[in-house]
Amino acid sequence: MEEGRFLQWGVFRSLLAILQWWGFNVTVIIMNKWIFQKLDFKFPLSVSCVHFICSSIGAYLVIKVLKLKPLIAVDPEDRWKRIFPMSFVFCINIVLGNVSLRYIPVSFMQTIKSFTPATTVFLQWLVWRKYFDRRIWASLVPIVGGILLTSVTELSFNMFGFCAALFGCLATSTKTILAESLLHGYKFDSINTVYYMAPFATMILAVPALLLEGNGVTDWFHAHPAPWAALIIIFSSGVLAFCLNFSIFYVIHSTTAVTFNVAGNLKVAVAVLISWLIFRNPISGLNAVGCGITLLGCTFYGYVRHMLSQQTPGTPRTPRTPRKKMELLPLVNNEKLDDKV
């Protein structure tokens, strides 16, 4: 009976973790789109900077003041040699995500972000010459096909927003790959990652945001009928963005890799549905089919990766014998990765 109760509590804990992760993630996405579209605050650099500031303060409070998480010590030299380059890519990733959200619907942006597994595998194969099982390549086919169908049939297509989202996928993949080498030896969780990277990202982005959007923000503030209420919404999105990182840490430690993968793809579907109910952006039937194919492809990709990771060392990964030692390098182990501040 005690084992049954423990199992029930584990299932309930996992479900609770997933639901609060969904809640924070979808809320942040919807709030950002609301800021750009309804509040007419069309300044993605400034929104990203606010998120970084709130995340820096939140991580400091959690680790230093409330002591809810132990601080992972990092050598001062490594902060500039390792953390700073990661923070730069991290900053570009977040900014491109907000830029794309400024120009294209949430449904389209979220579908394009699902292209990240394909860009990660392709970059590792092209730049690092890593070998991947043919089942990995096969699992990418529905992802690529779904993205192509969604892009061709998107009724609110914007080339600038599309390119920003696509380059955001490349930035996410680059961050994932660099993390394997630059952060080698450090076992960062999502809170410590934000603690070290968010201040650097704020420093990197503050000057460009001030120079490129400073005058526009000032004009918006004077022209908006309720600027202070709007600013409260903007800073609230920053607070929720930090809470999202905390929820990621919670859900990673409460679920398995397979559950996390499936829940992540269902989260995209929930975000697409809720954004459509709120903003009523036109979605054609083929566009919805393309989005569904992409999400199913991502789920299949995660399943294939999980199955390959469970193979014993002696299990052949492919009928062909690798020709080079580089082909023996393992797939980057980021089964539970979610990137976003």
Side-chain angles (χ1 to χ4, degrees), residues 18-44 46-48 50-51 94-116 143 145-166 168-169 216 220 223-227 229-241 243-244 263-299 340:
I18 291 172
L19 289 177
Q20 54 90 29
W21 175 45
W22 281 7
F24 283 122
N25 191 280
V26 174
T27 303
V28 169
I29 293 172
I30 298 300
M31 285 188 70
N32 286 351
K33 187 62 178 179
W34 185 277
I35 289 168
F36 294 135
Q37 185 169 321
K38 301 296 184 180
L39 299 183
D40 201 35
F41 190 83
K42 303 183 185 301
F43 309 104
S46 300
V47 171
S48 302
V50 167
H51 285 196
I94 300 302
V95 168
L96 288 174
N98 283 329
V99 169
S100 66
L101 199 58
R102 157 77 173 80
Y103 290 98
I104 59 178
V106 172
S107 56
F108 191 31
M109 186 269 283
Q110 286 289 291
T111 305
I112 297 174
K113 284 185 66 177
S114 300
F115 194 54
T116 302
I143 299 178
I147 294 291
L148 290 175
L149 180 59
T150 304
S151 302
V152 171
T153 58
E154 175 58 46
L155 300 177
S156 303
F157 185 85
N158 179 282
M159 180 57 72
F160 187 75
F162 172 77
C163 290
L166 195 60
C169 291
W220 170 88
H224 198 277
L231 286 177
I232 290 176
I233 295 176
I234 293 171
F235 276 92
S236 295
S237 72
V239 174
L240 290 175
C243 293
L244 172 60
N265 293 312
L266 289 177
K267 171 182 61 67
V268 174
V270 171
V272 169
L273 176 61
I274 294 178
S275 69
W276 179 80
L277 292 174
I278 294 175
F279 300 106
R280 293 293 178 176
N281 56 288
I283 300 178
S284 66
L286 284 177
N287 189 264
V289 170
C291 180
I293 292 174
T294 302
L295 296 182
L296 289 175
C298 290
T299 304
K340 338 177 165 73

Checklist outcome for this item: Rounded to the nearest 0.5 angstrom, the CD1-OG1 distance for Ile293 and Thr111 is 11.5 Å

Checklist entry - Counting only heavy atoms not in Trp220, do more than 12 sit closer than 6.0 Å to its CH2 atom? => result yes

Item to check | Residues Ser100, Leu96; criterion side-chain contact (heavy atoms from CB on, under 4.5 Å); working and verdict | outcome: CA-CA 6 Å; Ser100 66; Leu96 288 174; over 6 Å; no

Item to check | Heavy-atom side-chain proximity of Ile30 to Phe279 below 4.5 angstrom | outcome: yes

Item to check | Pairing residues for Ser107 by the side chain to side chain donor-acceptor pair (under 3.5 Å) criterion, not counting sequence neighbours | outcome: Asn281

Checklist entry - What is the minimum heavy-atom distance between Ala271 and Ile29, and which atoms define it? => result CB-CD1, 4.4 Å

Next on the checklist: Do Cys291 and Phe108 have side chains that approach each other closer than 4.5 Å (heavy atoms only, starting at C-beta)?
Outcome noted: no

Next on the checklist: Below 30° counts as parallel, above 60° as perpendicular, anything between as tilted: where do the rings of Phe162 and Phe157 land?
Outcome noted: tilted

Item to check | pair Trp22-Leu266: side-chain heavy atoms closer than 4.5 Å | outcome: yes

Item to check | Euclidean distance, Gln20 CD relative to Leu244 CG, rounded to 0.5 Å | outcome: 9.0 Å

Item to check | Closest contact, heavy atoms only, Gly161 versus Tyr103 | outcome: CA-CB, 3.8 Å

Item to check | Contact check, side chains of Gln110 and Ser114, non-hydrogen atoms, under 4.5 Å | outcome: no

Checklist entry - Atom OG of Ser46 and atom NE2 of His51: how far apart are they, to the nearest 0.5 Å? => result 11.0 Å

Checklist entry - How many angstroms lie between CD1 in Ile274 and OG1 in Thr27, if you round to the nearest 0.5 Å? => result 7.5 Å

Next on the checklist: Students often mix this up, so state it plainly: with edges at 30° and 60°, are the rings of Phe43 and Phe41 parallel, tilted or perpendicular?
Outcome noted: perpendicular

Item to check | Counterpart residues, side chain to side chain donor-acceptor pair (under 3.5 Å), relative to Asp40 (two or more places apart) | outcome: Lys42

Next on the checklist: Run Ser236 and Met31 through side-chain contact (heavy atoms from CB on, under 4.5 Å) and show every step you take.
Outcome noted: CA-CA 9 Å; Ser236 295; Met31 285 188 70; 4.0 Å; yes

Next on the checklist: So, using side chain to side chain donor-acceptor pair (under 3.5 Å) as the criterion, who are the partners of Asn98 when residues are at least two apart?
Outcome noted: Asn32, Ser48

Checklist entry - Less than 4.5 Å apart, any side-chain heavy atom of Cys169 and any of Ile112? => result yes

Item to check | Non-hydrogen side-chain atoms of Leu101 and Val106 separated by less than 4.5 Å | outcome: yes

Next on the checklist: Counting C-beta onward and ignoring hydrogens, is there a side-chain heavy-atom pair between Val99 and Phe160 closer than 4.5 Å?
Outcome noted: yes

Item to check | Reported CG-to-CG distance for the pair Asn287 and Leu149, which is rounded to 0.5 angstrom | outcome: 7.5 Å

Item to check | Gap separating the CG atom of Asn265 from the CG atom of Leu295, nearest 0.5 angstrom | outcome: 5.5 Å

Checklist entry - Under 4.5 Å between any side-chain heavy atoms of Val28 and Ser237, yes or no? => result no

Checklist outcome for this item: Nearest heavy-atom approach of Ile143 to Cys298 is CG1-N, 3.6 Å

